[in-house]
*Asks:* 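Attaching a single structure in structure tokens format; questions to follow.
In this text, all values refer to a predicted model and were calculated from it rather than measured experimentally. Within every chain, numbering begins at 1; the chains are lettered A, B, ... in the order of the sequence lines, protein sequences first and strands thereafter.
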There are 2 protein chains.
Amino acid sequence: MTIAGAGETAEPAPKPDAERRRRPRGAVRAGLIAAGVELARAGGPDAVVLREATRLVGVVPNAAYRHFADRDELLAAVCAAAMAELGDRMAEGVSQVTGPRDDPNAAFLRLGAIGTAYLRFAREEPGLFATAYAVPDEHPYIPPSEEEDAGAVVDRSPLGQLRSALDALVDAGVLRPGERPGVEYPIWSGVHGLAVLTGQGPLRDVDDEERAQLEQSLLSFIAKGLE
Amino acid sequence: MTIAGAGETAEPAPKPDAERRRRPRGAVRAGLIAAGVELARAGGPDAVVLREATRLVGVVPNAAYRHFADRDELLAAVCAAAMAELGDRMAEGVSQVTGPRDDPNAAFLRLGAIGTAYLRFAREEPGLFATAYAVPDEHPYIPPSEEEDAGAVVDRSPLGQLRSALDALVDAGVLRPGERPGVEYPIWSGVHGLAVLTGQGPLRDVDDEERAQLEQSLLSFIAKGLE
DNA sequence: GGTTGTTTGTGGACACCGTCCACTTTAACG
DNA sequence: CGTTAAAGTGGACGGTGTCCACAAACAACC
């Protein structure tokens, strides 16, 4: 045992024993989450397997238990990251619509951009999309030292962005204020349902053209529901 | 070994060796599916564990491989059974609405009954509902010697029942024929999305009252989308 | 009816997974 | 310095899906 140059007979150089504990402070935890995200991207929530994540980070399986209580807690962190990525894509899609907040046309386009970005993410990143909504029953969410500026920061969650788009629609005079309360849920349900049905669901084998038509007809249906 | 009245000394009776191969023809396969359905009912698709199913049937794990290529094929059969049960519950719900097929009021009530039964099944049998839509990528579906009377039998699948309800709505003069093609998909998406979001999704912790309100507002939204 | 061959169930084994335990090393702090 | 808590290691256990070779039960055929 001892220290120094002991062992290391052949080239595998399994544990230089000086490479241990050289990583910066939170690197292993962050690396495990990043590895889990890549696993989820490729294979959905079931593919985020603890041992494989530690392998990718280059650490022994048990090391994960210094950062997460169990596999579900790691999965919860990965789910949060996936949800954040969905939120980022939606924000990016909305930001490409120009025009003032209370302009009727722009407000409507922004709502459409939200739905489109949501469906696009589900289509292009099916593994991450499924993972975002595969939060385990325990470990509701993981607040990794969030700075809370008392509402100064905008809500980048999918539901938050949908809500502000609908509020803007009211301010623009497109949606009657009496119709506003609670509309986010039917709309969210419709978009989410189509994403699931055409993702892992029974509609997963439709070709691109049909899929585009399904998305279009859903958005039209939602628009009609808003008058 | 021998035959006749051997074995049956006490209740453990581990392997009387004459108890082998005493089950009727397709009993093991049917038993495995039934056991899988109960596992899915209690814990969703991930709870459909091959070894546990064989344990419930009282057979060794490898026996399952005489009836299914692998665990996914068993799961596919369980998914089909779960989907069939969903279809049965919907048909039962619809059948409780009386009135002729082309009566506007009855036709509308039937459509509502379809959505209500769908959401009710998802709420009361979350494990089976999730399993019905957890069909593995391979093994699309399993036709266990289906008799096909060339359309004489009615389609009891959820989508089939939704379609016939919408067709009846057209025949009753409630829905304009031009609006009919493709409407089933936005409607299905909305109902399915709410079922998923309030089931395993982020809305799973809402209380019964809120849940009822969500369902009601979704059905109103859909009704408005149909004029 | 006895032989033969195909189904169906058995026993044992393998690799992989999540998780627990005891141990050693590292980093931080007085 | 020395001490102590955190972080990583090694080895083990039970559980799972799956493969292989073998034996019993059935079906079929001459």
*Asks:* Would you indicate, yes or no, if C:dT7 has its OP1 or OP2 atom less than 4.0 angstrom from a side-chain nitrogen or oxygen of B:Arg23?
*Replies:* no
*Asks:* Walk me through whether A:Val94 and A:Leu111 qualify under side-chain contact (heavy atoms from CB on, under 4.5 Å).
*Replies:* CA-CA 8 Å; A:Val94 172; A:Leu111 179 65; over 6 Å; no
*Asks:* State whether B:Arg55 places a side-chain N or O below 4.0 Å from either non-bridging phosphate oxygen (OP1 or OP2) of D:dT16.
*Replies:* yes
*Asks:* Under the ring-ring contact (aromatic ring centres under 6.0 Å, His included) rule, collect the residues that match up with B:Tyr185, sequence neighbours excluded.
*Replies:* none
*Asks:* Quick one: on DNA chain C, does A:Tyr65 or B:Pro61 contact a more 5' nucleotide (nearest heavy atom)?
*Replies:* B:Pro61
*Asks:* Give a yes or no answer on whether the side chain of B:Gln200 reaches the backbone of A:Ala134 with a donor-acceptor pair at less than 3.5 Å.
*Replies:* no
*Asks:* With a 4.0 Å limit, can you tell me whether B:Arg25 has a side-chain N or O closer than that to the phosphate oxygens OP1/OP2 of D:dC26?
*Replies:* no
*Asks:* Any carboxylate oxygen within less than 4.0 angstrom of a Lys/Arg side-chain nitrogen, looking at A:Glu125 and A:Arg89?
*Replies:* yes
*Asks:* Let's see if you get this right: which residues in residues 30-53 of chain B place a heavy atom under 4.0 Å from DNA chain C?
*Replies:* none
*Asks:* Can a salt bridge be assigned to the pair B:Arg41 and B:Glu85 using a cut-off of 4.0 Å between side-chain N and carboxylate O?
*Replies:* yes
*Asks:* Under the 3.5 angstrom rule, does the side chain of A:Glu138 hit a backbone N or O of A:Asp72 as a donor-acceptor pair?
*Replies:* no
*Asks:* Return whichever of B:Arg71 or B:Arg66 has its heavy-atom-nearest nucleotide of DNA chain D closer to the 5' end.
*Replies:* B:Arg71
*Asks:* Does a side-chain N or O of B:His67 approach OP1 or OP2 of C:dG9 to a distance below 4.0 Å, or not?
*Replies:* yes
